[in-house]
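Input: a single structure, listed below in structure tokens.
Keep in mind that this is a model prediction, so the values were computed, not measured.
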Number of protein chains: 2
Amino acid sequence: MSRPDRLTKIMQTLQDGRLHTAQELADAFAVSPRTIYRDMDDLMASGLPAKGARGIGYQAQPVTTLPSLHLTDEEIEVLNLGLAIVSEAADPDLRRAATSLGAKLETALPQHATLDAQTWAYAASSFGDSARGLSHMPTLRAAIRAKQKLRITYHSKGDRITSRIIRPLKLEHWARVWVLTAWCETRNDFREFRVDLIQSAQAQPQMFVDEVGKTLDDMPSPQA
Amino acid sequence: MSRPDRLTKIMQTLQDGRLHTAQELADAFAVSPRTIYRDMDDLMASGLPAKGARGIGYQAQPVTTLPSLHLTDEEIEVLNLGLAIVSEAADPDLRRAATSLGAKLETALPQHATLDAQTWAYAASSFGDSARGLSHMPTLRAAIRAKQKLRITYHSKGDRITSRIIRPLKLEHWARVWVLTAWCETRNDFREFRVDLIQSAQAQPQMFVDEVGKTLDDMPSPQA
DNA sequence: GCGCAACTGACAATAACATGTCAGTTCGAT
DNA sequence: ATCGAACTGACATGTTATTGTCAGTTGCGC
């Protein structure tokens with residue numbers, strides 16, 4: 001097995017969340033422990049968030065490798081612009097991810113292409129919760145993909161908070177608001193939810209399958 | 001010189017916009033033309049937008065290489081989210097760049113991490129100009145960096161369109177609106193411009209240097 | 001067509017890299 | 001402190017990748 005192949009395999013192996021000793025990995029790939037130590041050096045140097053304590057072993061959180069890309073200046077601009085917008089999100093998790101992604105890009109790109117703290121400064125916005133809904137995006141998106149039902153609490157008209165079980169179908173960006181299209185099991189009809197008005201979203205254990213009348217294709221198109 | 005080093009140098013060389021023959025490059029790097037042909041194959045295979053016509057030579061548009069990165073799932077999410085938002089911009093150039101960046105990411109990332117046309121569908125927004133101001137962002141940002149004066153036409157209060165020469169200083173994201181802070185030469189004072197109300201922005205040939213009283217540091221902080 | 005220069009394929013020589021061995025060194029547990 | 005296992009540095013050896021040579025092949029201009 002070639003070295004790149006082995007490095008990939010090691011990464012995948014580490015992402016099971018368990019601890020792996022160098023000796024164990026060496027046996028698994030039929031190389032000497034020395035080679036594993038060298039591999040881990042390289043992996044960590046290239047940013048794999050792996051921890052290794054003496055005598056403990058290695059473990060890593062799930063990561064995806066983005067291979068090297070050639071980007072035009074416009075594409076770099078889009079990258080920075082998108083990052084800047086997301087960085088403004090109120091959700092700590094999202095912001096943390098955006099910050100660490102920004103840091104990685106900053107070290108990876110030549111200076112002229114990176115964010116500049118001065119020119120891209122973000123105001124401590126007094127409308128800090130304007131991007132509040134963004135915090136649910138990963139949950140919603142994952143649920144759409146996995147066809148997993150969701151329980152959401154929603155700030156509907158008239159200041160009432162409602163709780164519903166829905167089948168999430170599609171996320172759309174409409175003007176400046178994200179809209180989640182779903183089949184609402186509580187109302188037994190299609191509904192659209194503004195993401196910024198969703199207070200909480202919890203993936204339910206139940207999955208759903210496409211049923212006639214409840215899929216995106218069955219949705220009546222709005223009249224103009 | 002190692003092969004990776006040479007490949008990098010070749011890329012930089014090609015980006016001067018002029019034509020370079022294989023022979024010329026071969027001489028410059030003290031290798032045989034055959035090696036250059038092989039290098040160009042690899043570079044183009046990895047996405048360098050270079051053209052080579054028989055007997056003509058090679059040239060490329062400026063690109064930046066993003067080395068391979070290890071990203072966590074959250075960081076991938078931020079990447080996709082930011083891209084989705086920028087994709088909604090009305091400006092054709094920005095949208096084209098976002099699309100091509102999306103395509104690159106899509107091919108580069110394993111399926112589970114990429115955009116999914118169905119779930120991330122973007123509505124052909126009826127508020128299509130909501131992100132209108134984004135189209136000026138690259139111009140503004142470039143001008144800040146280069147300390148280049150700008151002529152802008154601005155949609156100010158009372159439906160009047162004004163034209164001014166400004167020294168752009170800082171871009172801020174305030175709630176959902178981007179704000180450009182600048183020294184306005186027309187009014188001879190600091191001014192803040194909402195980017196979405198800027199109708200046009202043209203970089204002027206004149207540069208500006210920091211002058212006491214006209215830099216960011218000299219700007220009076222707003223009273224609360 | 002013909003000539004010429006640009007380009008490609010194949011292969012042996014060679015440079016670069018990866019690996020294992022082994023002799024140290026570090027660090028925690030006793 | 002002392003032991004032992006985990007780890008690191010150095011170097012010889014094996015393996016892969018890169019390179020130049022050279023003999024084709026392509027495509028353009030005449």
Side-chain angles (χ1 to χ4, degrees), chain A residues 1-61 63 65-70 107-108, chain B residues 1-61 63 65-70 107-108:
Chain A
M1 184 187 298
S2 75
R3 185 152 201 265
D5 287 351
R6 192 182 56 240
L7 289 178
T8 308
K9 288 273 172 63
I10 289 179
M11 275 190 30
Q12 291 167 354
T13 305
L14 287 183
Q15 288 176 24
D16 63 4
R18 295 185 304 122
L19 281 168
H20 299 267
T21 63
Q23 186 62 55
E24 174 193 334
L25 291 170
D27 292 345
F29 295 105
V31 294
S32 75
R34 187 68 188 85
T35 300
I36 298 294
Y37 291 133
R38 274 189 285 247
D39 288 349
M40 292 310 302
D41 279 353
D42 286 1
L43 284 175
M44 294 195 210
S46 67
L48 180 81
K51 290 190 205 171
R54 179 170 285 268
I56 300 299
Y58 300 99
Q59 69 178 344
Q61 41 186 292
V63 296
T65 298
L66 184 67
S68 67
L69 296 169
H70 294 302
T107 57
Chain B
M1 184 187 297
S2 76
R3 185 153 200 265
D5 287 351
R6 191 182 56 241
L7 289 178
T8 308
K9 287 272 171 63
I10 289 179
M11 275 191 31
Q12 292 167 354
T13 306
L14 287 184
Q15 287 176 24
D16 62 5
R18 295 185 305 123
L19 282 168
H20 299 267
T21 64
Q23 185 63 55
E24 174 192 334
L25 292 170
D27 292 345
F29 295 106
V31 293
S32 75
R34 186 67 186 86
T35 300
I36 298 294
Y37 292 133
R38 274 190 285 248
D39 288 350
M40 292 310 302
D41 280 352
D42 286 1
L43 283 175
M44 293 193 214
S46 67
L48 180 80
K51 290 189 204 173
R54 180 169 283 270
I56 300 298
Y58 300 98
Q59 69 178 345
Q61 43 185 290
V63 296
T65 298
L66 184 65
S68 67
L69 294 170
H70 295 301
T107 57

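One interatomic measurement links the two molecules: CG of A:Asp27 to C1' of D:dA6, which rounds to 15 Å at whole-angstrom precision. Rounding to whole angstrom units, CD1 of residue B:Ile36 and C1' of D:dT19 are separated by 12 Å. Distance CD (A:Glu24) to C1' (D:dA6): 15 Å, rounded to an integer number of Å. Whole-Å rounding puts the A:Gln23 CD to D:dC7 P distance at 10 Å. What separates CE of B:Met44 from C1' of C:dC7 is a distance of 12 Å, to the nearest Å. When the C1' atom of C:dA18 is taken as reference, atom CE of A:Met40 falls 17 Å away, rounded to whole Å. With rounding to whole Å, A:Asp41 atom CG is found 17 Å from D:dA6 atom P. The distance from atom CG of A:Asp39 to atom C1' of D:dC7 is 15 Å, rounded to the nearest whole Å.
Side chain of A:Arg34, nearest nucleotide from C:dC11, C:dT19, D:dT8: D:dT8. You'll find that the side chain of B:Thr35 is closest to D:dT19, out of D:dT19, D:dC22, C:dG20.
From A:Leu69, atom CG reaches atom CG of B:Leu69 across 8.5 Å, with rounding to the nearest 0.5 Å.
A close approach under 4.0 Å does occur between a side-chain nitrogen or oxygen of A:Tyr37 and OP1 or OP2 of D:dC7.
Using a 4.5 Å cut-off on side-chain heavy atoms (C-beta onward), A:Thr8 and A:Met1 make no contact. Side chains of A:Leu66 and B:Leu66 form a contact here, defined as non-hydrogen atoms less than 4.5 Å apart. Contact annotation: the side chain of B:Ile10 approaches that of B:Met40 to within less than 4.5 Å [non-hydrogen atoms, C-beta and beyond]. Using a 4.5 Å heavy-atom cutoff, the side chains of A:Met11 and A:Leu14 are not in contact.
Of all the heavy atoms in B:His70 and A:Leu43, the pair that sits closest is CD2-O, 4.3 Å. A pairwise comparison of heavy atoms in A:Leu19 and A:Glu24 identifies O-OE1, 4.0 Å as the closest pair.
The stretch residues 2-10 of chain A touches DNA chain C through A:Arg3, A:Arg6, each having a heavy atom within less than 4.0 Å of the strand.
Both B:Met1 and B:Arg38 lie near DNA chain C, and the one whose nearest nucleotide falls closer to the 5' end is B:Arg38.
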